[in-house]
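Quantities reported herein were computed from a predicted structural model and do not represent experimental measurements. We're numbering straight along the sequence, starting at 1.
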Amino acid sequence: MKNKIILAIFIVFLTITNLNAQNKLRVSILGDSYSTFENYIPQGNEPWYFQKLDTNRTDVCNVRHTWWWQMLTNGGFLLEKNDSYSGATISYTGYNDEDYSPRSFITRLPRLGSPDIIIIFGGTNDSWADAKVGNYQYENFTRGDMFFYRPALARLLDEAQGRYPNVKIYFVINSELRQDIVESTQTICKHYGIKYIQLKNIDKHWGHPTISGMKSIANQILDFIKKD
């Protein structure tokens, strides 16, 4: 009799645990180096953050330091996919005018699984690589248009909404970016009804968030999502 009671309690515990997991929202991240960590992104994607500490590079050396790990844990979310790639641009224009289409946000968009929430954190490398913004354009995209930031971002958001219906999409805008990149992002997000999160006062080293910067990013994103 005692064993049957213990078994029943165990089954109830498993059921409750499973229901709790099912009730948690699943989050996918589409990002660049800020959202990478060694062995936590798809094979072939280049990370910027590694498990081995290199104090000349960064003090971030544990996945628990990353903004997304902290946001997921503190917010009670589950990670669906993290498809982040160091150096990735939203447009196809990379550094030294190289074609970055293989790693672009547009190319990686279909790989986000089945999330409830998508967080797109990009535009930093477009700003740093001196990508041209081009004109505002919301239809009839050509491959040539994708080498300009505005039509590339418009296509990204348009396809994100088409590919992931009923999924909440947020766009995170880094601090210290070119003003034309910031204004273009805000304008295009408003056109598609996608809410953007403008980061402020992020501590960085070599242009990348430190442990302190990561914590600030996590808090700013989570605070915004909770209030939305």
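- Residues Pro115 and Phe77 have side chains not in contact (no heavy-atom distance under 4.5 Å, counting atoms from C-beta outward).
- The structure places OG1 of Thr89 at 12.0 Å from CG of Leu153, a figure rounded to the nearest 0.5 Å.
- In this structure, the side chains of Phe121 and Asn174 come closer than 4.5 Å at one or more pairs of heavy atoms.
- One finds the OH atom of Tyr95 at 8.5 Å from the CG atom of Asp126 (value rounded to the nearest 0.5 Å).
- Atoms CG and CD, from Asp116 and Glu80 in turn, are 8.0 Å apart once rounded to the nearest 0.5 Å.
- Between the side chain of Asn96 and the main chain of Glu98, no donor-acceptor pair closer than 3.5 Å is present.
- Residues satisfying the side chain to side chain donor-acceptor pair (under 3.5 Å) criterion with Arg163, sequence neighbours excluded, are absent altogether.
- A distance of 5.5 Å separates CD1 of Ile120 from CG of Leu30, quoted to the nearest 0.5 Å.
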Would Ser184 and Tyr136 satisfy side chain to side chain contact (heavy atoms under 4.5 Å, CB included), going step by step from the backbone distance to the final call? CA-CA 8 Å; Ser184 297; Tyr136 288 110; 3.8 Å; yes
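- Looking only at distances, no side-chain donor or acceptor of Gln51 sits under 3.5 Å from a matching main-chain atom of Asn62.
- Of all heavy-atom pairs between Tyr164 and Arg111, the closest is OH-N, 3.9 Å.
- Applying the side-chain hydrogen bond (donor to acceptor under 3.5 Å, both in side chains) test to every pair with at least one member in residues 219-228, sequence neighbours left out, gives these pairs: Lys168-Asp228, Tyr170-Asp228, Lys195-Asp228, Ser216-Gln220.
- You'll find the side chain of Met71 reaches within 4.5 Å of the side chain of Ile119, heavy atoms only.
- No chain of hydrophobic side-chain contacts below 4.5 Å, direct or via other Ile, Leu, Val, Met, Phe, Trp or Tyr residues, connects Ile197 to Ile181.
- In this structure, Gln137 and Asn140 approach most closely via the heavy-atom pair NE2-O, 3.3 Å.
- Proximity of a side-chain donor or acceptor of Thr93 to a complementary backbone N or O of Phe147 within less than 3.5 Å is detected.
- Other residues, nucleotides and ligands place more than 12 heavy atoms under 6.0 Å from the CZ atom of Phe50.
- Atom CD1 of Ile202 and atom NZ of Lys200 lie 11.0 Å apart (nearest 0.5 Å).
- There is no path of hydrophobic side-chain contacts, each under 4.5 Å, that joins Ile217 to Leu177.
- Taking the six-membered ring where tryptophan is involved, the planes of Tyr138 and His191 are essentially parallel, since the angle between them stays under 30° and well short of 60°.
- Arg57 places no side-chain N or O within 3.5 Å of a backbone atom of Trp206 that could act as its donor or acceptor partner.
- Using a 4.5 Å cut-off on side-chain heavy atoms (C-beta onward), Tyr34 and Leu199 make no contact.
- Ser84 is not listed as a side-chain neighbour of Asn45, based on a closest heavy-atom distance of 4.5 Å or more.
- The shortest distance between side-chain heavy atoms of Ser101 and Met146 does not fall below 4.5 Å.
- Although no hydrogens or angles enter the test, the distance criterion places no donor-acceptor pair under 3.5 Å between the side chain of Thr107 and the main chain of Arg103.
- For the pair Thr58/Cys61, no side-chain contact is recorded, criterion being any heavy-atom separation below 4.5 Å from C-beta on.
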Start with the C-alpha distance between Thr185 and Tyr149, add both sets of side-chain angles, then the distance that settles side chain to side chain donor-acceptor pair (under 3.5 Å), and finish with yes or no. CA-CA 9 Å; Thr185 304; Tyr149 183 76; 2.7 Å; yes
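- The line from CZ of Arg26 to CD1 of Ile117 is 12.0 Å long, rounded to the nearest 0.5 Å.
- Under the 3.5 Å distance criterion, the side-chain polar atoms of Thr66 are matched with a main-chain donor or acceptor of Val63.
- Donor-acceptor pairing under 3.5 Å is recorded for the side chains of Ser35 and Trp67.
- Proximity of a side-chain donor or acceptor of Glu159 to a complementary backbone N or O of Gln161 within less than 3.5 Å is not detected.
- At least one donor-acceptor pair closer than 3.5 Å links the side chain of Asp59 to the backbone N or O of Ile211.
- Residues Ile29 and Leu79 are in side-chain contact: their nearest non-hydrogen atoms beyond the backbone lie under 4.5 Å apart.
- In terms of heavy atoms, Tyr49 sits closest to Thr36 at CD1-O, 3.5 Å.
- Aromatic rings from Trp69 and Phe37 are positioned such that their centres are separated by 6.0 Å or more.
- Salt-bridge formation is not detected for the pair Asp83/Lys81: no Lys NZ or Arg NE/NH1/NH2 atom is positioned less than 4.0 Å from an Asp or Glu carboxylate oxygen.
- Although no hydrogens or angles enter the test, the distance criterion places no donor-acceptor pair under 3.5 Å between the side chain of Ser127 and the main chain of Gly123.
- No donor-acceptor distance shorter than 3.5 angstrom exists from the side chain of Asp158 to the backbone of Ala154, with no hydrogens or angles considered.
- A cation-pi arrangement is not found for Arg150 relative to Phe148, the charged atom failing to lie both closer than 6.0 Å to the ring centre and inside a 45° cone about the ring normal.
- Of all non-hydrogen atoms in Glu176 and Lys204, the two that sit nearest each other are OE1-NZ, 3.1 Å.
- Nearest heavy atom pair, residue Tyr92 against residue Arg143, reads CE1-CG, 4.0 Å.
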